[in-house]
Every structure is written in C-alpha cells, then in structure tokens.
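Since the model is a prediction, treat every value here as computed from it, not as a measurement. Letters go in sequence order (proteins before strands), and every chain restarts at 1.
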Number of protein chains: 2
Amino acid sequence: MSDTVLASAVSFPAPETPSFQPLYQQIKGLLTQRLESGEWRPGEAIPSEQDLAGQFSVSQGTVRKAIDELASENIVVRRQGKGTFVATHTETKSSNFRFLRLRRNDGQYEYPASELLDVKRGRVNADIARSLDIKPGDAILILRRLLRYSGEPTLLDEITLPANLFKGLTKERFDAHVGSMYGFFETEFGVRMLRAEEQVKAVTADPITAEALRVGMGSPLLCVERIAYTYGDKPVEFRRGLCTTRSHHYANTLS
Amino acid sequence: MSDTVLASAVSFPAPETPSFQPLYQQIKGLLTQRLESGEWRPGEAIPSEQDLAGQFSVSQGTVRKAIDELASENIVVRRQGKGTFVATHTETKSSNFRFLRLRRNDGQYEYPASELLDVKRGRVNADIARSLDIKPGDAILILRRLLRYSGEPTLLDEITLPANLFKGLTKERFDAHVGSMYGFFETEFGVRMLRAEEQVKAVTADPITAEALRVGMGSPLLCVERIAYTYGDKPVEFRRGLCTTRSHHYANTLS
DNA sequence: CAGTGGTCTAGACCACATC
DNA sequence: ATGTGGTCTAGACCACTGG
C-alpha cells in the first residue's frame with residue numbers, strides 16, 4: 001500500500017532519538033488528535049484496525065496496541081465482530097456508574113432521580129479559577145442539582161462550568177434532555193468528560209443544605225469535590241456535592 | 001524444547017469447547033497458581049518469558065500477554081532489562097499509597113507515623129463474619145491503630161483479621177517490624193493483599209474517638225470501611241477507620 | 001458470506017541492566 | 001557480551017456480528 005499523508009507524521013524509532021517513543025505511542029497520539037477534532041462522533045465507529053494500519057503504514061499489531069491503550073482509558077470501546085467505537089456517556093449501561101460512586105448500603109446499584117434546581121451565570125472566584133485553569137473573573141455557569149434515591153433527597157451539588165464551553169446552556173434545555181448529565185454535555189456541547197479527581201471530606205450540614213436533604217442541622221455529610229477533565233487533561237468542570245450517608249455510601253475499589 | 005509436565009495442563013483452543021478460553025488466560029491461571037503456592041516469594045524474580053514459553057510450549061507473545069494481565073493487576077512487576085518480579089508491599093516506593101488514600105489538602109503526599117495501640121483476641125460477630133466469609137464466633141484478632149500526620153492524630157482504625165491466618169501475631173512482633181502493615185503481613189504471615197473495596201460515610205465523633213483524634217465531640221468524621229482480598233478474591237481483612245478531615249482528605253480518581 | 005476484533009506464532013531487532 | 005523485557009512485523013487462524 002502506498003504511503004498516505006498521515007503516514008508522514010509517523011517517524012520510525014531512530015537510535016539517535018534522545019527520548020525513545022515507541023511507534024504505537026505515536027499512533028495513539030495521532031488517533032487521539034483525530035478523536036479530539038471530532039472526526040468521529042461519540043458512538044460512531046472508527047476505521048478498522050486493518051484500515052488504520054494501511055493509513056499509517058504500520059502493522060495491524062501496532063495499531064492494535066495503540067487502540068488497546070485508548071480502550072483501557074475508556075476513550076474508545078471495542079466490540080468483537082462489530083468494530084471499535086468512540087465511547088459515549090449516552091449509553092444507558094451500568095457503565096454510567098463510572099462517575100457516580102454512590103451505592104446503597106446493601107451494595108446494590110440504584111439510579112437516582114435528578115432535579116436541576118437552577119442555572120446561574122456568574123464570575124469565577126480565585127479558588128475555582130485555579131481548579132479550572134481559567135482566569136479569576138471569567139464567565140461561568142453554576143448549576144445546582146438535587147439527587148433523590150427512592151424519593152429521598154440524598155445529594156445536593158453545585159456544578160461550575162466555564163461559560164465559553166457551554167454557550168446556550170439553560171435550565172429549559174437541560175430539562176429537555178434525557179439520560180446522564182455527561183451525556184447531555186457530550187451531545188449538546190461536544191465536551192467529553194474522560195477522567196475526574198475527587199476529594200472527599202466530612203462536614204456538618206448548614207441550615208440550607210440540612211433542609212434540602214431533610215437532615216438535622218449539624219448532621220454529618222460527605223463533601224465531595226470533583227474536577228473533571230477532557231482531552232489533554234484540560235479541566236472543564238468543578239463540582240462540590242454534599243451528601244447524606246443515611247442509606248448510601250461512597251464506594252471505591254483499591255487495586 | 002521438549003514438552004514438560006506443566007505443558008500438559010495447557011489445552012489448545014478447541015472448536016468444541018463450550019466456553020472458549022484463550023491460551024494466555026490458561027497460562028495466566030497456571031502462573032497464578034504457582035504464585036499463590038509460594039513457588040516464588042515476594043520480591044523474587046519469576047522465570048524469563050522465554051523460559052516460561054518453553055515450559056508451557058507456547059510462544060513468548062502468549063506468555064507475555066498472560067504476564068501483562070498479572071502486571072496490570074499489580075500481582076507482578078516488570079522491570080525492563082532485569083526481569084519480572086513478584087510484587088511486594090515492602091518496597092518503600094510511593095506505590096505504598098495504593099492502599100492509603102489520605103492526602104494533604106494541598107495535594108501533597110505525606111507518610112504518616114503509625115502507632116499500634118493494642119492487639120486483642122476475640123470471636124467474630126455476625127456482620128464482620130459475613131464480610132470475611134467465615135463463621136460467626138470464629139477466632140479473630142483485632143488491632144487498633146492510630147495514624148499521625150505531622151504529629152497530628154488523624155486516623156483511628158480497628159483492623160479485624162481471621163486468627164488462623166495470622167498465628168503468632170503480637171503487639172511486640174508488630175512493633176519490631178519496619179515499613180507498611182501490609183508488608184508485615186506479607187513477610188511474616190505470607191498473606192498478600194491484592195485488592196480492596198472501601199465504603200466511605202460521614203459520621204459524628206463519639207467521645208472516645210473525639211479524644212483520640214483531638215476533635216470536639218460530635219465533629220464530623222469520615223468512616224472508611226475496607227474489605228481486603230488476597231488470591232482468589234478471598235477476604236482476609238476487615239477494617240473500619242475514623243478519620244478527621246481537618247487537614248487531609250480522601251482522594252480518588254475516576255477513570 | 002464477508003468484515004471485524006481477538007488469539008497465536010516465529011522471528012527480528014531495540015532499549016535497558018549487569019557483568 | 002549476555003540476558004532481560006519491549007517493540008514491530010507478517011501471516012495464519014479463530015470467534016463474533018450482521019446481512
């Protein structure tokens with residue numbers, strides 16, 4: 001097969017290379033660029049391994065190893081016999097619990113009902129600006145949202161988004177969507193959440209939160225702060241949630 | 001190379017196999033058995049990929065894929081140019097933080113000082129028996145331990161162990177060891193912790209805990225319950241920790 | 001049936017560690 | 001120089017999906 005334009009971007013490992021980077025890592029980088037550019041939309045199939053091997057003028061095994069890593073990072077999903085697909089938050093699979101660590105105390109999974117309380121526009125303060133890697137005073141959106149499990153208000157969170165990435169987000173538009181919030185961000189604004197860091201603390205309920213969650217004032221709550229990242233480890237969401245552990249807990253696996 | 005006894009345990013994929021299991025999975029199973037049996041001790045090297053390929057009469061690539069999975073599960077560690085080694089909790093690497101999710105609020109890692117308060121013998125209650133998959137009333141050991149960060153008492157936990165796996169564990173012997181607790185379990189009792197599940201809740205400090213952690217009575221604390229597993233997903237530790245989030249937090253990555 | 005990902009092989013060569 | 005894990009290739013064949 002003849003060389004393609006894209007193949008020229010690949011350099012074979014040269015001994016004189018100061019810091020060696022394997023071919024499959026370079027392929028992975030090129031694929032990531034094309035994914036990020038939106039060349040293939042979430043849910044769509046990317047070209048077959050054979051096809052990509054031809055495009056990049058490498059063997060199938062090398063493309064395979066590149067895709068393996070993308071799959072292990074949940075950026076892409078492999079389906080035997082069908083193809084490799086751009087991962088999406090829209091699938092109503094249990095994989096939705098990847099970003100929702102709340103479980104019932106009996107260990108069962110349970111879908112909460114989500115109620116968006118309000119959407120406000122504002123300017124970001126210094127702390128959150130640092131978390132989002134933007135300038136203090138930049139325009140932001142603040143969503144407040146309540147999660148109920150079996151009708152019981154359980155989690156109250158405040159979600160801060162950089163306004164420039166979510167132009168046109170309104171309460172009406174949010175309420176019109178179905179499925180997860182990250183699915184909404186993905187299909188409506190092209191922002192894909194790939195990874196997040198959370199910090200969990202114990203706090204006491206302030207009066208307003210106590211009322212919203214129907215707990216006594218001063219009750220202990222989990223305070224979960226999250227920074228979510230998209231391609232290139234760019235932070236695009238800051239979130240602070242306050243959560244009763246009356247009948248649920250924060251679950252985590254150490255491995 | 002001639003066939004070995006072990007090679008006979010490997011069956012090539014047969015079409016009539018009801019549920020297909022790839023060769024490398026079978027190899028992985030055999031390696032896991034040999035690891036579990038103690039054929040190679042923690043920290044030791046296992047045979048080279050070429051060697052194992054010969055033993056099992058398969059190609060190096062197939063052994064490689066088996067070892068890849070063991071490495072991704074932290075059961076084994078690869079070191080280019082040196083070999084593949086049985087993973088250990090004894091290494092004073094930062095990888096010790098794999099099972100310790102407490103971070104300073106500024107994000108920095110910090111080694112706490114650990115003080116074992118006491119070791120008691122007792123009988124297990126129904127709840128913890130279920131967690132440890134043993135019978136209620138079975139003999140157990142209970143360790144109580146305090147972690148201090150920069151001198152500040154921060155985490156108080158109570159660790160329940162099945163007595164039959166930790167024969168001869170005493171406070172004196174524990175105090176004599178250096179390094180992490182899981183390293184101690186591994187080298188002294190041959191119990192390797194491979195994986196753990198944690199449940200985090202918010203609670204209020206009882207009087208005794210409040211005094212130990214130097215917080216006001218009724219202060220909010222994190223309650224972290226852990227079940228740790230060894231080979232074959234066998235639970236071998238139950239732990240309940242109470243933790244101030246005065247200057248630290250529970251850190252987690254969602255990916 | 002054809003097309004896709006998944007497995008397996010055999011062999012070459014590279015990067016790294018040690019002697 | 002030797003031995004280890006790491007990369008890459010080319011090709012064969014298997015398992016799964018869908019027309």
Original post:
Side-chain N or O of Arg64(B) less than 4.0 angstrom from OP1 or OP2 on dG5(D)?
Top reply: no
Subject >> Side chains of Glu237(B) and Tyr229(B), donor plus acceptor under 3.5 Å >> reply: no
Original post:
Which one, dT4(C), dA15(C), dC8(C), comes nearest to the side chain of Phe20(A)?
Top reply: dA15(C)
Original post:
Can you list, by residue number, the residues of residues 75-87 of chain B that have a non-hydrogen atom closer than 4.0 angstrom to DNA chain C?
Top reply: Gln80(B), Gly81(B), Lys82(B)
Original post:
So is Arg103(B) actually on top of Tyr109(B)'s ring, under 6.0 Å and inside 45° of the axis?
Top reply: yes
Original post:
Over how many whole Å does the gap from Gln21(A) atom CD to dC16(C) atom P extend?
Top reply: 13 Å
**OP:** Please report, rounded to the nearest Å, how far the C1' atom of dT7(D) is from the CD atom of Glu69(A).
**Re:** 12 Å
Original post:
Could you give the CZ-to-C1' distance, from Phe56(B) to dC8(C), as a whole number of Å?
Top reply: 16 Å
Subject >> Cationic N near anionic O, under 4.0 Å, Arg41(B) to Glu39(B) >> reply: no
Original post:
How close or far is atom P of dG11(D) from atom CD of Gln50(A), stated in whole angstroms?
Top reply: 11 Å
Subject >> Nearest-Å distance for atom pair CG/P, residues Leu52(B) and dG3(D) >> reply: 17 Å
Original post:
If you measure from the Lys or Arg side-chain nitrogens to the Asp or Glu carboxylate oxygens, is any gap between Asp157(A) and Arg226(A) under 4.0 Å?
Top reply: no
Original post:
Would you say Lys65(B) reaches dT7(C)'s phosphate, i.e. side-chain N/O to OP1/OP2 under 4.0 Å?
Top reply: yes
Original post:
So which one's nearest nucleotide on DNA chain D is more toward 5', Gln25(A) or Ile67(B)?
Top reply: Ile67(B)
Subject >> Side chains of His248(B) and Asn105(B), donor plus acceptor under 3.5 Å >> reply: no
Subject >> Within residues 184-193 of chain B or reaching into it, pairs that qualify as salt bridge (charged side-chain N to carboxylate O under 4.0 Å, His left out) - sequence neighbours excluded >> reply: Arg173(B)-Glu188(B)
**OP:** Choose from dT7(C), dA10(C), dG6(C) the nucleotide whose nearest atom is closest to any side-chain atom of Tyr24(B).
**Re:** dT7(C)
**OP:** Rounded off to whole Å, could you give me the CD-to-P distance for the Gln60(A) and dT7(D) pair?
**Re:** 18 Å
Original post:
Lys28(B) NZ to dT7(C) C1': how many Å, rounded?
Top reply: 16 Å
**OP:** Write down the distance between CD (Glu49(A)) and P (dG11(D)), rounded to a whole number of angstrom.
**Re:** 17 Å
**OP:** Report the residues that fulfil side-chain hydrogen bond (donor to acceptor under 3.5 Å, both in side chains) with Tyr250(A), sequence neighbours left out, ordered by chain and then residue number.
**Re:** Glu198(A), Asn252(B)
